Amino acid sequence: MTRSRRVPPAPLPQREGVDPVRVRLPGDGAWATVREHLTHRLSADAAVIAEMFEQGRIVAADGRPVAPDAPYVPGMFVWFHRDLPTEVPVPFAIEIVHRDDHLVVADKPHFLATVPRGSHVTETALARLRRDLGLPALGAAHRLDRLTAGLVLFTVRPEERGAYQSLFADRRVRKEYEAIAPHDPGLALPRTVRSRIVKERGVLAAYETDGEPNAVTRVELAEHRRSDGLGRYRLTPTTGQTHQLRVHMNALGVPLLGDPLYPVVTGPVPPDDFRRPLQLLARTLEFTDPITRTEHRFRSTRTLDAWSSYPRWAGQ
């Protein structure tokens with residue numbers, strides 16, 4: 001049996017709370033040099049990659065720059081920092097709900113991505129918390145959509161991250177969400193919605209299809225108002241498909257307020273437009289700590305604007 005090669009520690013420091021990119025050269029390939037492989041793999045302009053080599057920005061495990069003509073070595077690791085994109089700051093604070101030697105539980109605002117991805121890199125909860133708390137090894141145990149606010153669990157020690165991630169993978173975390181959507185007096189609630197949800201790569205919206213259910217959500221109406229026809233809903237998922245709560249509420253005929261994808265995909269919103277946030281909040285997290293065996297129950301103190309002041313949320 002071939003034993004997997006141990007991954008060396010990153011020889012480059014983080015930049016603004018963002019880890020360097022790590023690339024392992026495949027065990028087979030027809031590339032003569034490291035530069036040839038990276039140009040192919042990263043789908044980048046050859047001149048850009050050449051400049052990175054000339055500037056010594058691509059390094060090996062010992063931290064030394066890789067020469068522009070360095071031969072291709074199967075299994076070799078290299079690291080580099082991508083140029084950080086220009087990002088519009090998300091003008092909302094992250095609240096710390098809990099912090100100990102193992103965990104940080106943060107109350108994330110709307111519009112802030114959980115982890116670096118795509119055009120959202122430094123303006124993410126993970127990068128911000130690493131910088132603000134001085135915890136460069138902080139990692140996310142799970143994710144919330146960028147447009148969803150509420151509780152996110154981060155791990156302090158990399159060697160413990162897998163134990164906390166397993167809580168979510170094994171469905172040993174009870175999550176409760178709050179949502180604001182139209183009130184339909186003809187919709188019988190509470191009910192448990194079961195369906196099969198598919199999210200295709202490169203397609204913005206997920207959709208339901210025939211087949212064995214892979215998404216289960218308990219939907220309850222907490223209260224409703226006749227004055228504006230809105231309802232406040234309690235959503236309890238037992239699975240974690242992408243956009244699951246949004247898809248299920250839309251399928252019930254009560255799409256969430258502020259949703260740019262359901263029922264209709266709207267045009268792109270300017271990056272500095274923070275109006276009318278999606279009215280979805282990860283309200284509570286409950287679980288048994290796999291390290292300390294402590295019973296945890298965390299609750300977000302955020303409010304959803306469309307419920308507390310619909311005219312303010314709608315910009316009236």
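None of these values were measured; they are calculated from a predicted model. Heads up: numbering here begins at 1 and tracks the sequence.
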**Asked** Are side-chain N/O atoms of Thr33 and Asp69 paired as donor and acceptor at under 3.5 Å?
**Response** no

**Prompt:** Side chains of Glu95 and Thr301: is there a donor and an acceptor less than 3.5 Å apart?
**Reply:** no

**Message:** Working note: Val34 + Phe53, criterion side chain to side chain contact (heavy atoms under 4.5 Å, CB included); need CA distance, chi angles, decisive distance, verdict.
**Reply:** CA-CA 10 Å; Val34 177; Phe53 275 97; 4.0 Å; yes

**Prompt:** Hey, is Arg297 close enough to Glu295 for a salt bridge, meaning N to O under 4.0 Å?
**Reply:** no

**Connected via hydrophobic side-chain network under 4.5 Å: Met52 and Val21** = yes

**Prompt:** Does the side chain of Trp31 come within less than 4.5 Å of Leu38's, by heavy atoms?
**Reply:** no

**Message:** Tell me whether Asn250 contacts the main-chain N or O of Leu256 through its side chain, where contact means a donor paired with an acceptor under 3.5 Å.
**Reply:** no

**Prompt:** Angle class for the Trp313/Tyr310 ring planes (parallel below 30°, perpendicular above 60°, tilted otherwise)?
**Reply:** tilted

**Request:** Begin with the C-alpha distance, continue with both residues' side-chain angles, and end with the deciding distance and a verdict on side chain to side chain contact (heavy atoms under 4.5 Å, CB included) for Leu153 and His142.
**Result:** CA-CA 7 Å; Leu153 190 153; His142 66 123; 3.8 Å; yes

**Message:** Angle between ring planes, Phe298 versus His98, binned at 30° and 60°: parallel, tilted or perpendicular?
**Reply:** tilted

**Asked** Transitively linked via ILVMFWY side-chain contacts under 4.5 Å: Leu304 with Leu151?
**Response** no

**Residue pair Thr114 / Arg143, side-chain donor-acceptor N/O under 3.5 Å** = no

**Request:** Could you check Glu160 against Thr155 for side-chain hydrogen bond (donor to acceptor under 3.5 Å, both in side chains), going step by step and ending with a plain yes or no?
**Result:** CA-CA 7 Å; Glu160 296 176 350; Thr155 59; over 6 Å; no

**Side-chain ion pair, Arg130 and Glu16, N-O less than 4.0 Å** = no

